[in-house]
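Remember, it's a predicted structure, so these values are computed and weren't measured experimentally. Each residue takes its place number in the sequence, starting with 1.
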Amino acid sequence: MNRVRAIGLANMAVPVWFVGVYAWVAMQRPDFRHFNQAVSELGAWGAPNMWVWNALGYLLPGLLILSLGLALRRQFQVRGRTAIPFTALVLSGAFMAISGVFPGDFENRTSPSMILHSVGSFGSGLCFMVAAFWLPGRFRQVDSWKGIYWPLLGIAIAMVLNTFLVTPGPTPGLGQRISFACYFFWVALVGWAMYRHPILDGYSD
């Protein structure tokens with residue numbers, strides 16, 4: 001298996017990996033309220049298994065998504081303005097990794113760690129929105145990737161609707177988890193396309 005297919009396969013596994021880590025860490029917190037508390041609170045300063053969550057729940061998935069963006073840039077051989085959505089996906093993964101390096105400090109929201117954690121979280125989401133709406137159009141230009149155009153666009157639209165309809169409501173935690181689901185399933189679908197139909201079959205360095 002060459003590197004591109006390996007990256008695609010790893011990103012296909014991201015949703016299952018994230019849910020598994022989330023479930024294990026959350027089970028250690030019987031007081032944790034899934035529909036009301038932010039996922040980041042599992043890795044907040046002083047939380048049980050803080051670094052387990054930040055390393056396996058944020059840092060590792062972020063690095064995998066970053067690698068997916070880099071591989072896509074290489075596969076599509078883009079430069080200049082056409083590289084923007086691919087770079088946005090790279091940055092989304094990088095910002096997510098930053099969220100894992102700097103745990104949230106919910107007792108002191110003005111602390112440097114909390115500020116950097118928030119920058120990572122919001123930066124990841126913003127960059128993903130750029131990639132989520134822009135990249136499907138690029139994928140549509142490749143015959144073997146056309147089939148994922150509408151599913152990817154549908155996931156992106158669902159994520160926006162969730163942000164405005166569910167997250168501001170009485171269960172913000174539920175809204176955040178729906179956003180994560182949209183994010184990771186979008187990534188997994190692109191990973192599947194890369195695994196099944198790499199554009200540059202000979203790329204293995």
Side-chain angles (χ1 to χ4, degrees), residues 1-23 55-100 120 123-163 177-205:
M1 183 187 300
N2 66 23
R3 180 180 294 186
V4 168
R5 284 194 166 94
I7 290 172
L9 186 62
N11 277 276
M12 286 169 61
V14 166
V16 177
W17 174 264
F18 184 85
V19 170
V21 175
Y22 174 83
L56 301 182
Y58 274 140
L59 180 60
L60 180 58
L63 293 176
L64 288 175
I65 293 167
L66 182 154
S67 71
L68 179 66
L70 290 175
L72 285 170
R73 283 186 54 168
R74 180 68 178 263
Q75 290 280 287
F76 281 79
Q77 299 180 312
V78 290
R79 292 185 178 86
R81 182 178 179 276
T82 59
I84 292 174
F86 297 89
T87 302
L89 186 60
V90 172
L91 291 175
S92 180
F95 277 121
M96 185 175 188
I98 287 171
S99 293
S124 180
L126 182 61
C127 289
F128 175 68
M129 282 291 95
V130 174
F133 280 98
W134 198 337
L135 282 177
R138 295 304 311 275
F139 299 156
R140 199 179 193 182
Q141 298 170 12
V142 179
D143 287 341
S144 58
W145 288 50
K146 283 182 178 178
I148 66 172
Y149 173 77
W150 286 112
L152 290 180
L153 205 56
I155 291 171
I157 292 170
M159 189 170 179
V160 171
L161 291 175
N162 170 68
T163 300
R177 284 149 184 79
I178 293 173
S179 290
F180 269 117
C182 291
Y183 184 28
F184 291 134
F185 278 117
W186 191 99
V187 165
L189 190 53
V190 175
W192 175 83
M194 179 173 286
Y195 175 74
R196 292 292 302 274
H197 305 289
I199 298 166
L200 301 178
D201 291 301
Y203 172 50
S204 59
D205 59 334

Note to self: Which label fits His197 and Trp192: parallel for a plane angle under 30°, tilted from 30 to 60°, or perpendicular past 60°?
What the structure shows: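 Correct class here is perpendicular.
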Contact between [X] and [Y] at the side-chain level, heavy atoms closer than 4.5 Å - yes or no?
X      : Y      : answer
Phe128 : Met159 : yes
Leu72  : Phe139 : yes
Val160 : Met129 : yes
Ile98  : Ser124 : no

Closest approach of [X] and [Y], non-hydrogen atoms and distance?
X      : Y      : value
Asn162 : Ser179 : ND2-OG, 2.8 Å
Leu70  : Val90  : N-CG2, 3.5 Å
Tyr183 : Gly93  : OH-N, 4.1 Å
Gly57  : Met96  : O-CE, 3.7 Å
Val14  : Pro61  : CG1-CB, 4.3 Å
Leu56  : Leu60  : O-CB, 4.2 Å

What distance do [X] atom [atom1] and [Y] atom [atom2] have between them, rounded to the nearest 0.5 Å?
X      : Y      : atom1 : atom2 : value
Thr82  : Gln77  : OG1   : CD    : 11.0 Å
Asn11  : Leu189 : CG    : CG    : 11.5 Å
Leu68  : Leu63  : CG    : CG    : 12.5 Å
Leu152 : Phe185 : CG    : CZ    : 13.0 Å
Phe18  : Phe180 : CZ    : CZ    : 4.5 Å

Margin query: Do Arg140 and Tyr149 form a cation-pi contact, if we require the NZ or CZ to be under 6.0 Å from the six-membered ring centre and within 45 degrees of the ring's axis?
Written below: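 Yes, a cation-pi geometry.
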Next item on the list: Report yes or no: does Ser92 contribute a side-chain atom to a donor-acceptor pair with the main-chain N or O of Ala88 at less than 3.5 Å?
Entry: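 A pair under 3.5 Å: no.
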Next item on the list: Keeping the roles fixed (side chain from Trp145, backbone from Arg138), state whether a donor-acceptor pair exists under 3.5 Å.
Entry: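 Side chain of Trp145 to backbone of Arg138: no pair is present.
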Notebook entry, point to check: Is the OH atom of Tyr22 crowded by more than 12 outside heavy atoms at less than 6.0 Å?
Noted result: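 Count over threshold, so yes.
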Note to self: Just checking Trp134: does its CH2 atom have more than 12 heavy atoms from other residues, nucleotides or ligands closer to it than 6.0 angstrom?
What the structure shows: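 Counting other residues, nucleotides and ligands, CH2 of Trp134 exceeds 12 neighbours.
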